[in-house]
Amino acid sequence: MKKIISQNRITVLLIFSLLLIIIFPLILIFDSKSLQDSRGIGIIVTFVTIFVGLVGLSIDFLLFNFIKNKLILNIIELIMILMFLYTFWPR
């Protein structure tokens, strides 16, 4: 049985996706006042962010299986992450 997270398997998108999945629920637990508003947008944003992290994990899995050169894989994933952050980063 292959390990999902092994030293040979760690990529940029895997780390980014795991951080999204781990950090936002912790913010929801420890700093719930910053996420509360009258419309409940903070909780929705948290669940959407977790979903984006899960989509990132699945994209990472697919790219890892198709691209064998790890350097090219990490460069492609870094470009994807930078495009995502450029699109959604508040101005």
Could you state whether [X] and [Y] fall into the same hydrophobic cluster, counting links through intermediate Ile, Leu, Val, Met, Phe, Trp or Tyr residues with side-chain heavy atoms under 4.5 angstrom apart?
{"X": "Ile79", "Y": "Leu73", "result": "no"}
{"X": "Trp89", "Y": "Leu13", "result": "yes"}
{"X": "Leu71", "Y": "Val12", "result": "no"}

Look up atom [atom1] in [X] and atom [atom2] in [Y], then write down how far apart they are to the nearest 0.5 Å.
{"X": "Thr11", "Y": "Leu57", "atom1": "OG1", "atom2": "CG", "answer": "9.0 Å"}
{"X": "Ile50", "Y": "Phe24", "atom1": "CD1", "atom2": "CZ", "answer": "9.0 Å"}
{"X": "Leu19", "Y": "Leu26", "atom1": "CG", "atom2": "CG", "answer": "10.5 Å"}

Within-4.5 Å side-chain heavy-atom neighbours: [X] and [Y]:
{"X": "Arg9", "Y": "Phe61", "answer": "yes"}
{"X": "Leu78", "Y": "Asn74", "answer": "no"}
{"X": "Ile21", "Y": "Thr49", "answer": "no"}

inquiry  = Tell me which one of Asp60, Leu85, Ile75, Leu63 satisfies side chain to side chain contact (heavy atoms under 4.5 Å, CB included) with Met80.
reply    = Leu63
task = Could you point out which residue of Leu14, Ile15, Leu20 forms a side chain to side chain contact (heavy atoms under 4.5 Å, CB included) with Leu18?
result =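 Exactly one pass, corresponding to Leu14.
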ask   = What pair of heavy atoms forms the shortest contact from Ser17 to Gly53, and how long is it?
value =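 Heavy atoms of Ser17 and Gly53 come nearest at CB-O, 3.3 Å.
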query = Are the side chain of Lys70 and the backbone N or O of Ile10 linked by a donor-acceptor pair below 3.5 Å?
reply = yes
request  = Measure from the ring center of Phe51 to the ring center of Phe47 and say whether it is less than 6.0 Å.
outcome  =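 When the ring centroids of Phe51 and Phe47 are compared, they turn out to be at least 6.0 Å apart.
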